[in-house]
Every structure is written in structure tokens, then in C-alpha cells.
Amino acid sequence: MKTLSCVLVSVAIAGLAPAQAPQSLIIPKTVDVNTEGRVNTQYPFGYDGFSPLGASSRVQYVYDNSHFDGVTTPILIESLEFRADDATPNFSGTGGTWNNAIIRLSSSGLPYDQIGNTFAGNFPGGVEPAPVFSGSVTVTPWSGNYNGLTGDWNVLVILDTPFLFDPRTGDDFILDIANSGLFFGQGSNLWTMDEDFDEVQCNRLRNNVDWTGTDGTIPNSEYGIVCRLGYSLADGLHANFRVDTRTPGPLQLVQFSCESYSSDPGGIVAWLWDFNGDGIDDSTDENPTWLFTSCGNHPVSLTVLDGMGLDTHTVTSYIQVGPPEPSFDVDWSHSFPVLAQFTDTSNGNPTQWEWDFDADGVADSTDQNPVWSFPGLGSYPVTLTTTNTCGSQTVTETVDMLPIVGPGVINNSFNGVTGFTHYFDVNVSNPQGITVTDLGFNSNQPFNTFVSINVYTTPNTWVGVDANQSAWTLLGSFSAQSRGWAGLTPIDIPDLFLAQGSHGIAIQYVAGGPRLTWTRREGEAFGNHDLELEFGGLRTTGFGGTLHEQLVWNGELYYCVGDGLGSVQTIGTGCTNSTGNVAGLGTQNGIPAAIGEQVVFEMANAPANQGLSFVIVGVLDLGGADLGLLGMPGCRLYPDPLVSLAAPTDSNGFGSASITVADNLDTIGFSIYAQGVVADPGHNALGAVVSDALVTIVGCR
């Protein structure tokens, strides 16, 4: 999509006389008359060999506007041509006829990389345009080469109605073909149609069993059938427009932009806009704004005038004023409890907000941008209901507040091999930096099979150094037992500290290959408020071979904020015991807690030989609760007493206790509070005192 990217509804124009000689353009632009596409397709006019019944299907291709680079005026598309693939050696066919086909052309309601799986939904306004062709399609005699030469252009469709397309708007282009599957002719030989894939800036939605189906399947890659458009430069006056939003809320100002074209040297001299379908002009500005005050769907009509005459473009139900569409962003802390800042990003001008953060069906906040405290890192369902005068809508999303970044396992449809090297960038936004402790990747090896990888790093970015091994530093070689296709194989790597900024990562598969995905879209990334993982490419032989920028790594990075060491600090002072001392509390050798490891708490200078001595551990700071009411004057309690660990003191007043931190990434950044409670008979009414209190932040060593 180019910069100018809003919704444009193009119309089929009948009876428009071209002023220029016919021209042609082949899409996708990755091929030409001498370049064969890299794959083939049976749809929509390939032959499956089962005459008279072929393959009933509907295929919708959405091509990025960039395929029309160099076309600087509106064009009238008058014909479509398709060619046979070269994949069939020394085969030929006498052709035949597909009995029923319907072709629709349109500007797209969505960019090519954002289309959905409902055919109508990708058209502007979710309304299918009238067909530009309906009838039989002829397949002329053809031959295959199987030697890299292009196949014959053996399907020509002359449109019943020329289609006006204006590449200047930046809108993408839809080619939609439905075929009943009734084929008559000489069908002894199978044949397929030429198609290209992998970074062709085109996407495909297909239903391969029902030409009248409303939904289809989007593949795991970019696919574009090779099509030669026959067109003429449009002459005359053609009205068109776009808008900044087609789904405003009530009383939300909408900005319209005229996208009309005139070949008259004097240009367009007048603009007449009708925003409510009553036939009365509401504005004569070229690019007006309008306030829609009532709920429902509203037609928009623009009439433009030049020195040659006038033209009108009308779209019914163009503006849809309704309930707001709820959406939100979230930013979260690594503290415990976790503080999360929610930011409303809803469309449709909401006036009320209701947030449910604990999935109990009760609103926890009615602020537009609330802050909420969660008990710890984890995944939580969050529900937002937004309301305006047209009604309410609700969305529930799972908010992942985890020190994990990556796509995980996503449609792992492609088997890599030993020797592949995957590249991506890690863009660290947290000023403290991050420490990567582990990674997981999707292996193509059977469960419990040995796999091995090399991990490399390079400053800034992988781009430009993917074929230069000397630009990379080997972090190490690592092996594990494969978890198979269904999950991620975990790899324990040495702690890798990445400061704020960008870093290139390369993963080379030494024994066993990866499972990958053909799903990368322009600018695709996975991340959170600490870092972003930006894909990326793959080379087929170490740091050499073919470079593919379409294969997505199936994996995740596991990290903690900062240097990963955690921390220990005193948060409160104990009370004087019968020896005149205040017992201190620390961790063994000053080592803080870490996931999967034991943390040892040590007391010193406590009353000696006390079997009734404990270290109490909690996850909340009570702020120094006064224990005087319990008979311990001058003593204050800091942790909430979730766990009591026996810590009897010896003859030197030394005692210790330990607890193991869960080997779970969710606990990274947890705050663990601890304080000693020591029996001290006769010293006060309760016969006990407390030590200093501490907090240790869980690290990820």
C-alpha cells in the first residue's frame, strides 16, 4: 500500500471511449513476458482431467498498488489474459471451454496484506460490485515447455464492461473470478496456470470447491496469478472520492477528499456533494468535512464538472454510523504486583467505557485509560465495552504480560533442512536492556530426536551482512532433544545481554532443520513494551545460498529486564533483642533469587539456640505493620506471612532457611519479601522479636 490508502469504491464504466491506443501491463510485477512464475495453480481456469466436471472454485487476488508503478492516470481495463504454466513437459492440448464464469474487478477495501477470509469483506463497504464479465471462457490450444520458458497465453477474456481503475489513489487492486467448473473440450492432458509467490505483494483468498461460496482460505504466503491487463488511458471526466473513516461515531467530523480525474486542460471547476441522498447539494468544497448526526448507513454522492460536462459517483451505505469498535493497547511493569496502563484506541467516538480485568463480568473501571494491578506476570483476559448513542460493542482480548517474545508455532507449513540459517533483528526499547536466557524453536525432527543449532549475534542489524560470516560473533553451539512439530524445542543458552538498541541474531541449524511458515507480511514484527522481534530472512546454506525474506521463524525468545541478576536490598529494620542486638537478615553470599534456583535466607545476631525461630516469606510489602498490639513493642512486620520456614538458631545466633523459586518465566521480576521471627522468652510480652526485612527481585540467571 502506498501512503494514500483509504477506501475507494471504483465503478464499472460503460461506453467510455479511450483516447489512447490500447496498452498492456503484467501483474504481479515480479514476472514479465520472458519470466516464468515460480509456482502454478489449477484455479481458476486450469484443467483437472475430469471432463465435463472441472473444479468449481472462486479465487480473489488482491494486488498491491505498486504493481501499477508508472501508470499515472486512471485506466480503463478492457481485457484479461492468463497463461499456461511451463511445468508440463512436452504436453499440449487443443483447449476447450469453461461454461460459466463471473469476473469482478474493484479497488480493494483493505490492503493486500490485511484481507479477511470473506470475499465480500475485502470489497469497499463489504459489498460485491457488479460483474464486469459473465459467461463462457475459452482455452485456446497450448503447449508446455518445462525448461523455464514461459507458457502460452491461452486464456483471453474480453470484459463485458470496461473497468475504471485509478492507481493514483494508492488503493490496491482486486481480481475476483468465480468458475462453475463445467469444462467442455479435449481434456486428455492436465494443465495448470502460471502463478508467482513469495514477496509478490499480492494475497489470495480461495474456495476450491464452491464457486458460489462466501468464504475462503488465505494461504500461508503471498500468491498472485500471472495476468496481463489490456487497458487504455481513460479520457474524459471521472468522479471519485475517499474519506478518512467510513465508520465514524455520531457527531464525529468526517473528512472527504475528491479523487476525481479530468483530461480537460481546464481541469475540474465545480464539486457538488450530497451526504444524505436527498438530491440536495450539501457542500461545494473540493475536500469538505461533514458531521453525521444520526445512526445508520448513509449514501454519499459527488458530481464534478469540467469544460466537457459532468460526471457523478454515488456509493450507497458508504458511511456507516454505529456503535464504537472497541480496541486498546497496554503497557506493563515488571514489578510485583504488575501495574498495567491501558490506553483506549477505539474507533467510533465512544462516550463511555467499561473494563473488566478479572473476568467476573463486573466492570472494574469506567475510566477511558485506566491503570490496573495484576497479581503477577501472566496472561489475563481483559474485556472492554464501549458505548455511544448508537449502542455498545464489546471485545475480549488476552493480554500477555510475559517475558517472552516471538510468534511461537504459527501455521508451521514448511520443512527446513540442516544448513538453513535464520536471521532477525531484536529491537530493545527498555532503557535497562534485556538478558536473553533461553530460546525455543519449532523443529522438524521427530520427538526426542537430537537437534543442534549455532547462535550468532551482530551489532545493529542482519541486513547487509547475512552473507558475511565474519561480521558475526558465535555465541555458542547448543543441542537438545526435539519436541516435534507440535511445540517448541527449548534451548538453554548463556545469558545474552542486549542493551537498548538494535541487534542482529542468526540461528544456524546444524543437526535437524526447522519448521517454518510462509506468512511474513511487510513490517511484520512480534514484541511488547520491552523489545520487538523484526523478521527477517533465511539463507539456504549457512551464510550463503538463496536468500528468502518470506520464511517466518517459528520460535520465541525468553528474557528478563536488565542484566538478569536480580537484586537484594533491606527494606526495614528489626527490633532490639535480649542480647542488645538487632538481628540482621540477608541472602547467602548476597545472591538474589532466580528462577529454578534455591534462595537461602540467613539470620545473624539473633538470640541463640532458639528452635522456635522462623523466616516468614511473602509477596507483598505491608509497609511495617506495628506489632506492639501483639506484645512486641518497637517491632514492625514487613512481608505478608504467606510461608513460614523453620530457621532454628545455633549457639552463635545464626539461623538459615531456604525456598526454591519456580522454574517459570512468569516469576521473573517477582518481589519476594522476607523477615526473621525469633523466640526471645521474657524479652517482651509475646517473647519474640523480628529481624531486619529484605526484598529480593527474582532474576533469570
State whether the side chain of [X] and the backbone N or O of [Y] hold a donor-acceptor pair below 3.5 Å, judged by distance alone.
{"X": "Asp640", "Y": "Leu620", "value": "yes"}
{"X": "Gln341", "Y": "Asn369", "value": "yes"}
{"X": "Ser502", "Y": "Val428", "value": "no"}
{"X": "Glu354", "Y": "Ser365", "value": "no"}
{"X": "Asn388", "Y": "Gly348", "value": "yes"}
{"X": "Ser57", "Y": "Tyr43", "value": "no"}
{"X": "Asn297", "Y": "Gln320", "value": "no"}
{"X": "His503", "Y": "Asn460", "value": "no"}
{"X": "Gln500", "Y": "Ser429", "value": "yes"}
{"X": "Asn554", "Y": "Leu516", "value": "no"}

Problem set entry | Asn117 vs Leu205, side-chain contact (heavy atoms from CB on, under 4.5 Å): CA-CA, chis, key distance, verdict | CA-CA 6 Å; Asn117 61 3; Leu205 176 63; 4.1 Å; yes

Between atom [atom1] of [X] and atom [atom2] of [Y], what is the distance when rounded to the nearest 0.5 Å?
{"X": "Tyr112", "Y": "Asp64", "atom1": "OH", "atom2": "CG", "answer": "5.5 Å"}
{"X": "Leu498", "Y": "Asn430", "atom1": "CG", "atom2": "CG", "answer": "12.0 Å"}
{"X": "Ile434", "Y": "Leu557", "atom1": "CD1", "atom2": "CG", "answer": "7.0 Å"}
{"X": "Asn207", "Y": "Ser56", "atom1": "CG", "atom2": "OG", "answer": "7.5 Å"}
{"X": "Ile225", "Y": "Phe197", "atom1": "CD1", "atom2": "CZ", "answer": "15.5 Å"}
{"X": "Gln255", "Y": "Ser257", "atom1": "CD", "atom2": "OG", "answer": "5.5 Å"}

Determine whether the side chains of [X] and [Y] contain a donor N or O and an acceptor N or O closer than 3.5 Å.
{"X": "Glu534", "Y": "Asn427", "answer": "yes"}
{"X": "Asp425", "Y": "Thr461", "answer": "yes"}
{"X": "Ser379", "Y": "Thr398", "answer": "no"}
{"X": "Gln60", "Y": "Asp176", "answer": "yes"}
{"X": "Asp344", "Y": "Gln368", "answer": "yes"}
{"X": "Gln201", "Y": "Ser66", "answer": "yes"}

Problem set entry | Qualifying residues under disulfide (SG to SG under 2.5 Å), relative to Cys258, sequence neighbours excluded |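 For Cys258 there are no disulfide (SG to SG under 2.5 Å) partners, ignoring immediate neighbours.
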
Problem set entry | Partner of Tyr559 under side-chain hydrogen bond (donor to acceptor under 3.5 Å, both in side chains), chosen from Asp530, Thr435, Asp438, Thr437 |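 Per the side-chain hydrogen bond (donor to acceptor under 3.5 Å, both in side chains) rule, the option paired with Tyr559 is Asp530, out of Asp530, Thr435, Asp438, Thr437.
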
Please tell me if the side chains of [X] and [Y] come closer than 4.5 Å, counting only heavy atoms from C-beta onward.
{"X": "Asp285", "Y": "Trp271", "value": "no"}
{"X": "Val254", "Y": "Asp244", "value": "yes"}
{"X": "Val382", "Y": "Thr396", "value": "no"}
{"X": "Leu251", "Y": "Leu291", "value": "yes"}
{"X": "Val62", "Y": "Asp113", "value": "no"}
{"X": "Thr118", "Y": "Phe123", "value": "no"}
{"X": "Pro248", "Y": "Val321", "value": "yes"}
{"X": "Ile505", "Y": "Trp462", "value": "no"}

How far apart are the closest heavy atoms of [X] and [Y], and which atoms are they?
{"X": "Pro324", "Y": "Gly391", "answer": "CD-O, 3.6 Å"}
{"X": "Pro639", "Y": "Gly618", "answer": "CB-N, 4.0 Å"}
{"X": "Ala178", "Y": "Trp211", "answer": "CB-O, 3.5 Å"}
{"X": "Ala593", "Y": "Thr696", "answer": "N-OG1, 2.9 Å"}
{"X": "Asp400", "Y": "Trp332", "answer": "O-NE1, 3.9 Å"}
{"X": "Asn203", "Y": "Glu222", "answer": "OD1-CA, 4.4 Å"}

For this session: Evaluate side chain to side chain donor-acceptor pair (under 3.5 Å) for Asp196 paired with Thr30, printing each intermediate quantity in order.
Result: CA-CA 8 Å; Asp196 202 10; Thr30 47; 2.5 Å; yes

For this session: Name all residues meeting the ring pair (Phe, Tyr, Trp, His ring centres under 6.0 Å) criterion together with Phe342; count only those two or more places apart in sequence or in a different chain, and write none if there are none.
Result: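 Scan of Phe342 (ring pair (Phe, Tyr, Trp, His ring centres under 6.0 Å), adjacent residues dropped) gives Phe328, Trp355, Phe357.
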
Exercise. Can you check side-chain contact (heavy atoms from CB on, under 4.5 Å) on Tyr318 and Val243, steps first, answer last?
Worked result: CA-CA 10 Å; Tyr318 186 63; Val243 71; 3.6 Å; yes

Exercise. Aromatic ring centroids of Tyr423 and Trp553 under 6.0 Å?
Worked result: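 Between Tyr423 and Trp553, the centre distance exceeds or equals 6.0 Å.
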
Problem set entry | Candidate pair Ile174 and Ser108, rule side-chain contact (heavy atoms from CB on, under 4.5 Å), full reasoning | CA-CA 6 Å; Ile174 289 184; Ser108 177; 3.8 Å; yes

Exercise. Is it the case that more than 12 heavy atoms not belonging to Arg206 sit under 6.0 Å from its CZ atom?
Worked result: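 Enclosed.
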
For this session: Can you sort out the partners of Glu128 under salt bridge (Lys or Arg N to Asp or Glu O under 4.0 Å), two or more places apart, ordered by chain and number?
Result: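 If we apply the salt bridge (Lys or Arg N to Asp or Glu O under 4.0 Å) test to Glu128, skipping adjacent residues, the hits are Arg58, Arg104.
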
For this session: Anything under 30° is parallel, anything over 60° is perpendicular, the rest tilted; go ahead and classify Phe256 against Phe292.
Result: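 Geometry flag for Phe292 against Phe256: tilted rings.
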
For this session: Anything under 30° is parallel, anything over 60° is perpendicular, the rest tilted; go ahead and classify Phe165 against Phe173.
Result: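 The arrangement is perpendicular - the two ring planes meet at more than 60°.
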
For this session: Go through the steps for Arg204 and Glu195 under the test salt bridge (Lys or Arg N to Asp or Glu O under 4.0 Å), then give the verdict.
Result: CA-CA 11 Å; Arg204 180 185 73 192; Glu195 191 174 48; 3.1 Å; yes

For this session: Could you give me the CA-CA distance, side-chain angles and deciding distance for Ser260 and Leu302, then say whether side-chain contact (heavy atoms from CB on, under 4.5 Å) is met?
Result: CA-CA 9 Å; Ser260 304; Leu302 169 63; 3.6 Å; yes

